[in-house]
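Right, one structure below, let's go through it.
Ligands are counted one by one from 1 in listed order, and the atoms in each one are counted from 1 as well. Worth saying up front: this structure is predicted, and the values here are computed from it rather than measured.
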Amino acid sequence: MAGRVAGKVVLLTGGAMGLGKAATKALMAEGATVIITDIDEAAGRATAAELGCDYLHQDVTDWARWQAIIAEVEASHGRLDVLVNNAAITVFGSIADISPEDFKRCYTVDVDSIFMGCKAAIPLMAKSGGGSIINFSSAAGNKPSPDLAAYNSAKAAVVTLTKSIALYCAREKNGVRVNSVQPGTILTPNVESVIAGTPDPDATRAAFSIAQPIGRMGEVEDIAHLVVYLASDESKFATGAPFIVDGGLSIA
Ligand SMILES: NC(=O)c1ccc[n+]([C@@H]2O[C@H](COP(=O)([O-])OP(=O)(O)OC[C@H]3O[C@@H](n4cnc5c(N)ncnc54)[C@H](O)[C@@H]3O)[C@@H](O)[C@H]2O)c1
């Protein structure tokens with residue numbers, strides 16, 4: 001099947017690598033025009049050149065930049081059909097270890113950015129009859145660990161923020177659907193480097209794999225396929241929902 005998102009204009013944050021890059025590839029293969037943004041300019045431009053999409057420089061925590069980017073997308077493409085709020089950071093630490101500054105930094109990048117992205121994009125999406133917003137949460141939002149106080153709670157906040165925005169859009173009848181995605185551990189370059197940085201990478205890799213009842217980590221395509229579904233009109237009755245694709249991690 002090809003062309004599942006043909007003609008759609010997609011803005012995707014944090015597209016330089018990992019899940020954002022894989023989702024961009026999958027969306028383009030199904031006919032979308034994708035504009036990626038990233039805070040890492042060199043990696044963002046390299047990915048855009050490799051995949052043949054556009055790149056805009058963005059720190060997703062900057063409200064003025066969000067407004068400028070949405071204005072730029074309107075000027076260059078005349079519409080916005082899909083926003084993928086993918087960019088995030090993982091901040092490690094227990095309640096004892098983490099500083100108030102690092103806790104706040106995690107929320108600013110992982111939650112405030114999604115608030116700002118939705119706030120900036122919804123009016124433009126509504127102008128052309130609606131669209132689909134896909135907010136990246138995590139299975140870590142369902143399954144807390146003692147050493148991930150900020151990330152666990154930030155990713156849980158994304159799920160409820162998404163529901164509130166989805167209900168607002170439904171009440172406004174503006175045609176915008178808003179869903180969240182909750183991946184399990186996916187073997188991205190970021191996860192690879194976390195594994196490599198542990199004292200016993202083989203043991204960490206095994207532990208990451210068996211944490212998921214299915215017995216392995218996910219592949220980036222496992223999530224890219226979900227993004228294509230949510231971006232497409234196939235998901236036109238889905239809104240406010242957390243889509244869990246995690247090898248069973250959340251229920252174990
Ligand atoms: N990889 C996993 O196992 C996993 C599991 C569950 C959820 N997730 C979520 O999926 C999303 C993507 O994960 P990933 O592993 O591909 O991450 P990643 O770290 O590989 O990529 C995230 C991208 O976001 C960019 N970024 C970071 N801060 C930014 C900022 N302030 N402004 C703009 N861009 C910024 C980074 O430069 C990077 O290119 C994240 O929301 C993450 O929390 C990942």
request  = Check ligand 1 against S137 and write out every atom of the ligand that is under 4.0 Å from a heavy-atom position of the residue.
outcome  = 7 (C), 9 (C)

note = Within 4.0 Å of some non-hydrogen atom of V191, the atoms of ligand 1 are 1 (N), 2 (C), 3 (O)

ask   = Tell me, which protein residue and heavy-atom name are nearest atom 30 (C) of ligand 1, and how many Å apart are they?
value = V60 CG2, 3.6 Å

ask   = N/O to N/O below 3.5 Å, does that happen between D40 and ligand 1?
value = no

message = Between R45 and E41, does any side-chain N to carboxylate O distance fall below 4.0 Å?
response = yes

note = Closest to atom 20 (O) of ligand 1 among protein heavy atoms sits N190 CB, 3.5 Å

ask   = Is there at least one pair of N or O atoms, one from T185 and one from ligand 1, spaced under 3.5 Å apart?
value = no

Salt bridge K8-E30, side-chain N to carboxylate O under 4.0 Å = no

request  = Give the atoms of ligand 1, by number and element, whose distance to some non-hydrogen atom of T188 is under 4.0 Å.
outcome  = 1 (N), 15 (O), 16 (O)

ask   = Does ligand 1 have any atom sitting under 4.0 Å from a heavy atom of Q182?
value = no

ask   = Is it the side chain, the backbone, both or neither of Q58 that has a heavy atom closer than 4.0 Å to ligand 1?
value = backbone

message = Check R216 with D222, please: is the shortest side-chain N to carboxylate O separation under 4.0 Å?
response = yes

request  = Please work out whether any backbone atom (N, CA, C, O) or any side-chain heavy atom from C-beta onward of L19 is under 4.0 Å from ligand 1, and answer side chain, backbone, both or neither.
outcome  = both

request  = In plain terms, say whether D102 and R105 are close enough for a salt bridge, that is, a side-chain N and a carboxylate O under 4.0 Å apart.
outcome  = yes

message = Quick check: S138 and ligand 1, any N/O pair under 3.5 Å apart?
response = no

key: Any N/O pair Y151/ligand 1 closer than 3.5 Å   = yes

query = For atom 12 (C) of ligand 1, which protein heavy atom lies nearest, and how many Å away is it?
reply = N86 OD1, 3.1 Å

request  = Compare G44, G218, A23, A88 and give the one whose heavy atom is closest to atom 22 (C) of ligand 1.
outcome  = A88

request  = Around atom 5 (C) of ligand 1, find the nearest protein heavy atom and jot down its residue, atom name and distance.
outcome  = G184 O, 3.0 Å

Residue part near ligand 1, for A43, under 4.0 Å between non-hydrogen atoms = neither

ask   = Do D110 and I89 come close enough that some side-chain heavy atom pair is under 4.5 Å?
value = yes

task = Compute the shortest N/O to N/O distance between G15 and ligand 1 and return yes if it is under 3.5 Å, no if not.
result = no

task = Report the nearest protein non-hydrogen atom to atom 35 (C) of ligand 1: residue, atom name, distance rounded to 0.1 Å.
result = I39 CG2, 3.6 Å

task = Around atom 3 (O) of ligand 1, find the nearest protein heavy atom and jot down its residue, atom name and distance.
result = I186 N, 2.7 Å

query = Per the side-chain contact (heavy atoms from CB on, under 4.5 Å) rule, which among I69, V34, V82 passes with L11?
reply = I69

ask   = When you look for heavy atoms under 4.0 Å from ligand 1, do you find them on the side chain of D59, its backbone, both, or neither?
value = both

remark   = In this structure, atom 10 (O) of ligand 1 is nearest to the protein heavy atom F136 CD2, 3.2 Å

task = Looking only at protein heavy atoms, identify the closest one to atom 36 (C) of ligand 1 and say how far it is in Å.
result = D38 OD1, 3.5 Å

key: Option passing side-chain contact (heavy atoms from CB on, under 4.5 Å) with L27 (candidates L51, V228, T33)   = V228

request  = Taking all heavy atoms of I186 and all of V220, pick out the closest pair and write down the distance.
outcome  = CG2-N, 3.6 Å

query = Is the shortest distance from a Lys or Arg side-chain nitrogen in E221 or K25 to a carboxylate oxygen in the other one below 4.0 Å?
reply = no

ask   = Which pair of non-hydrogen atoms, one from I244 and one from S250, has the smallest distance, and what is that distance?
value = CG2-OG, 3.8 Å

task = Using a strict cut-off of 4.0 Å, indicate which atoms of ligand 1 neighbour a heavy atom of G18.
result = 16 (O)

Shortest non-hydrogen separation from A22 to A224 and the atoms involved = O-CB, 3.7 Å

task = Treat each ILVMFWY residue as a node, draw an edge where side-chain heavy atoms are under 4.5 Å apart, and state whether I39 and I36 are in one component.
result = no

inquiry  = What I want to find out is whether R79 reaches D81 closely enough, with some N-O distance under 4.0 Å, to be called a salt bridge.
reply    = yes

request  = Write down the atom of A154, the atom of Y107, and the distance for their closest heavy-atom approach.
outcome  = N-OH, 3.5 Å

Which of the ligand 1 atoms, numbered from 1, are nearer than 4.0 Å to a heavy atom of A16 = 39 (O)

